[in-house]
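Everything numeric in this text was worked out from a predicted model, so none of it was measured. Side-chain atoms are counted along with the backbone in the values below, which use heavy atoms only and exclude waters and symmetry mates.
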Amino acid sequence: MSNELVPLRIPVLMGFFREVLESSLIERGAAQGLELIGHPDEFWRAVPAAELKRMAEGGNANAQAELAWRLAAGEGVGKSYAQAVKWASQSAEKSCPAGEAVLGWLLYQGFGLPKDYGEATRLFERAAQREDARGMTWLALCLLRGHGVNRDAGRAVALLAKAAGRQSFLAQYWLGRLYYTGQQVARDFDAAARWFQQAAAQGFAPAKDLLARCHFFGRGVAQDPAAAVRWWRAAAESDEGAAMFCLGMCLYAGVGAPADQAEAVTWFRAAARKQIAGAMFLLGQCYTFGFGVTRDPEAGIGWYARAAERGNREAEFELGVACAAGQRAAGPDMEEALRWWRSAARQGHPRAQIKLGHCYRWGEGVAQNAALAVSWYRRAAEGGEPQAHVWLGECHEHGEGVAVDAIAALGHYRAAAVAGDPHGMTELGRCHLHGIGVRADVARGEELLRAATEAGWPSALGELERYWFAQGERLFAERDDAERVAQALPCYRKAADLGHRRAAYMLGECYRSGTGTRPDFAEALRWYRKAASLFDAKLALGDMYYFGQGVARNAREAFRWYEQAVAQHEDAYAMYNLGFCLLHGHGTKREPRLAARWLRRAALMGEVNAQYELGCAYYAGSGVTKNLRLAMKWQRMAAGYGHEEARAFLERVGKGALLN
């Protein structure tokens with residue numbers, strides 16, 4: 001199970017982006033209350049605060065309503081809900097619809113007065129009856145939500161349309177939202193974009209944000225990411241947090257504007273200050289991988305933690321990965337990792353669900369429970385995660401947490417493969433190769449495995465090369481049947497062409513010895529070279545160069561291969577060859593002392609040729625102190641194993657002959 005943090009590649013990023021854009025409308029709508037709509041008309045916008053107060057104190061009901069609104073909003077005066085209640089109450093007592101609307105808003109929010117949806121709605125109703133745009137808009141929102149009044153979507157939409165026609169930008173914005181999301185009305189992107197356009201033209205930042213979404217997805221307007229970026233920038237500069245985040249995303253990914261990760265980070269920070277959890281998560285990505293900032297994994301984890309605490313499932317997943325990998329100061333903490341993965345998994349994060357499946361399957365941080373592993377894999381698969389089908393396939397194939405069911409396993413592998421998952425293609429190809437859950441079809445298996453390789457799963461061809469090598473081994477094992485052995489060679493060749501080194505070595509052996517084919521030293525040499533990373537192939541190459549088989553005799557090249565073979569594996573024959581070359585100066589300068597050390601090691605391991613050469617070395621004092629007793633010991637040992645030259649040596653010494 002990988003603990004490696006992975007940066008968001010662009011397709012993944014844009015998928016995350018779409019998810020954020022589609023979900024945040026509903027999330028934000030559920031969280032917010034009734035926005036202040038602003039001034040009732042342009043006249044009051046221009047009245048200075050001092051003059052407004054003088055008019056309010058003089059008993060002007062509309063001035064009192066405007067002053068109450070400014071005090072509630074903190075616009076040009078110090079924010080004071082108590083004073084806002086005072087002036088709104090005075091205005092409402094005069095039956096001023098603007099005053100009734102503002103007082104209703106204060107009651108709805110519970111600002112300066114106990115929260116009271118019922119009384120708020122009554123005041124909105126009175127204001128709406130006298131054509132007050134704020135009263136109509138706020139009453140419509142209460143009717144949509146069932147706050148203080150029974151839900152009535154039809155009347156709510158009619159009120160919003162009426163207020164929108166009177167240039168209420170909040171009504172225009174909400175009417176656009178209803179048409180955009182298809183809530184309470186039939187979904188109509190053209191109408192949504194039209195209303196957003198009107199509200200945005202009045203400078204309402206949330207409307208600019210949603211108009212940008214229309215341009216980004218081509219909903220109600222031509223798809224134009226560049227226009228989306230322009231609207232998001234305008235909204236972001238008007239302090240709209242969601243727009244700051246979306247603008248940062250576009251700059252991060254280079255969509256609708258040239259990529260500028262440094263500026264993206266600036267907007268992510270601004271959005272994070274607005275408590276946008278997605279921006280906190282992407283700040284974590286930026287710091288973790290050094291995108292637009294100096295790389296600082298510790299700071300990255302800090303941002304993941306802040307986003308995770310606000311329920312961002314992507315951040316919860318990454319924080320779990322960091323805990324499992326020991327990337328936090330406290331070191332590895334699987335209990336904490338599991339806590340975050342569970343939280344993300346409950347929100348439907350498929351990779352977190354797979355992580356939990358792995359933990360239960362292999363007992364990492366929890367008691368091993370294959371049935372629970374299957375349950376988590378299944379949830380991820382139902383959420384559309386192709387990789388989950390692969391793990392479910394494995395569980396069904398091997399009977400982990402479920403009964404063994406090759407057909408079910410095949411179905412899961414096929415589901416992953418159809419979704420384009422290269423791992424799934426690999427497992428499905430393996431099933432076709434070996435007839436698991438389906439009739440064996442080698443051609444189809446090979447097609448799938450090659451497709452998986454091209455799709456980015458390099459180990460897929462490993463399945464194919466292992467298959468052909470196994471077929472070759474099965475046929476080669478029947479050495480008494482020359483026809484079957486000959487059939488092994490094409491299998492070995494297919495495996496070797498795919499990179500199977502042992503298969504290449506076996507081809508070398510067959511061509512060198514004439515097993516299953518006519519002897520062909522040149523062909524043997526070619527296959528040995530393909531298998532040259534194997535010890536056996538190195539040794540064979542050394543022999544072929546030494547004896548000139550398939551190539552001009554080259555003692556230097558032979559010595560090089562013997563030297564590499566000995567470095568890879570302490571093999572008696574390899575050490576003998578190395579010692580022999582050093583003793584006689586074949587392919588290297590003559591070094592009797594070093595030769596004797598290699599020959600001794602080989603002789604002690606039972607290599608009879610080394611025993612004979614070592615005996616000769618002791619007899620002649622070549623590289624060792626001359627010692628007739630040791631010379632005879634090694635010669636007798638070699639002769640005992642049937643070494644003819646050792647026997648001849650002993651016979652001549654027995655007759656008193658002096659040997660050179």
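We find that Arg444 and Glu447 are joined by a salt bridge, their nearest charged nitrogen and carboxylate oxygen being less than 4.0 Å apart. The pair Glu263-Arg233 meets the salt-bridge criterion, with a side-chain N (NZ, NE, NH1 or NH2) lying under 4.0 Å from an Asp/Glu carboxylate O. No salt bridge links Arg219 with Asp190; every basic N to acidic carboxylate O contact stays at or beyond 4.0 Å. Ion pairing of Arg313 with Glu316 is absent here, as no side-chain N (NZ or NE/NH1/NH2) approaches a carboxylate O to less than 4.0 Å.
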message: Evaluate Glu382 against Arg379 for salt bridge (Lys or Arg N to Asp or Glu O under 4.0 Å), listing each step before the verdict.
response: CA-CA 5 Å; Glu382 289 168 354; Arg379 287 179 66 176; over 6 Å; no

- request: Dump the intermediate steps for salt bridge (Lys or Arg N to Asp or Glu O under 4.0 Å) on Arg450 and Glu446, then the final yes or no.
  value: CA-CA 6 Å; Arg450 291 190 181 279; Glu446 183 167 350; 3.1 Å; yes

field: Pair Glu463-Arg466, salt bridge (Lys or Arg N to Asp or Glu O under 4.0 Å): steps then yes or no
entry: CA-CA 5 Å; Glu463 287 289 346; Arg466 286 190 293 274; 3.4 Å; yes

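Judged as a ring pair (Phe, Tyr, Trp, His ring centres under 6.0 Å), and not counting sequence neighbours, Tyr179 has no contacts.
The closest side-chain heavy-atom distance from Trp231 to Asp209 is not below 4.5 Å. Taking 4.5 Å as the limit, every side-chain heavy atom of Gln261 sits out of range of all side-chain heavy atoms of Cys286. Side-chain atoms of Phe268 and Tyr252, non-hydrogen and from C-beta on, do get closer than 4.5 Å to each other. With a 4.5 Å cut-off on side-chain heavy atoms, Arg269 and Met244 do not count as touching. With contacts defined as side-chain heavy-atom distances shorter than 4.5 Å, the pair Arg134/Trp69 qualifies. Counting heavy atoms from C-beta on, the side chains of His423 and Pro386 never come closer than 4.5 Å. Under the 4.5 Å side-chain criterion, counting only non-hydrogen atoms from C-beta, Phe289 is not in contact with Pro297. The closest side-chain heavy-atom distance from Ile301 to Gln327 is below 4.5 Å.
Looking at every heavy atom in both residues, Ala345 comes nearest to Ala352 through N-CB, 3.8 Å. Across every non-hydrogen atom of Pro206 and Glu240, the tightest pair is CG-OE1, 3.5 Å. Leu144 approaches Ala153 most closely through the heavy-atom pair CD2-CA, 4.3 Å. In plain terms, the two heavy atoms of Pro332 and Ala324 that are nearest each other are CB-O, 4.0 Å. The nearest pair of heavy atoms linking Ala236 to Ala243 is N-CB, 3.7 Å. For Ala417 against Leu428, the heavy-atom pair with the smallest separation is CB-CD2, 3.9 Å.
Ring geometry for Tyr108 against Phe124 counts as tilted: the plane angle lies between 30° and 60°, on a 0 to 90° scale.
Within 6.0 Å of atom CD in Gln202, more than 12 heavy atoms from other residues, nucleotides or ligands are found, so the atom counts as buried in its surroundings.
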Could you go through residues 452-461 and list every donor-acceptor pair under 3.5 Å that involves a side-chain atom there, pairing it with any protein atom two or more places apart or in another chain?
{"unit_1": "Thr453", "atom_1": "OG1", "unit_2": "Leu449", "atom_2": "O", "d": "2.9"}
{"unit_1": "Trp457", "atom_1": "NE1", "unit_2": "Ser459", "atom_2": "OG", "d": "3.0"}

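Checked by atom type, the side-chain pair Arg187/Thr181 shows no donor-acceptor distance below 3.5 Å.
In this structure, Phe245 has its ring center no closer than 6.0 Å to that of Trp232.
Among the candidates Glu318, Gln285, Glu309, Glu314, the single residue satisfying the side chain to side chain donor-acceptor pair (under 3.5 Å) test with Tyr304 is Gln285.
Evaluation of the side chain to side chain donor-acceptor pair (under 3.5 Å) test over residues 388-401, restricted to residues two or more places apart or in two chains, returns Arg361-Glu394, Arg361-Glu400, Gln387-Trp391, His389-His412, Glu397-Tyr413, Glu397-Arg430.
Cation-pi check for Arg177 over Tyr180 is not met; the charged atom does not lie both under 6.0 angstrom from the ring centroid and within 45 degrees of its normal.
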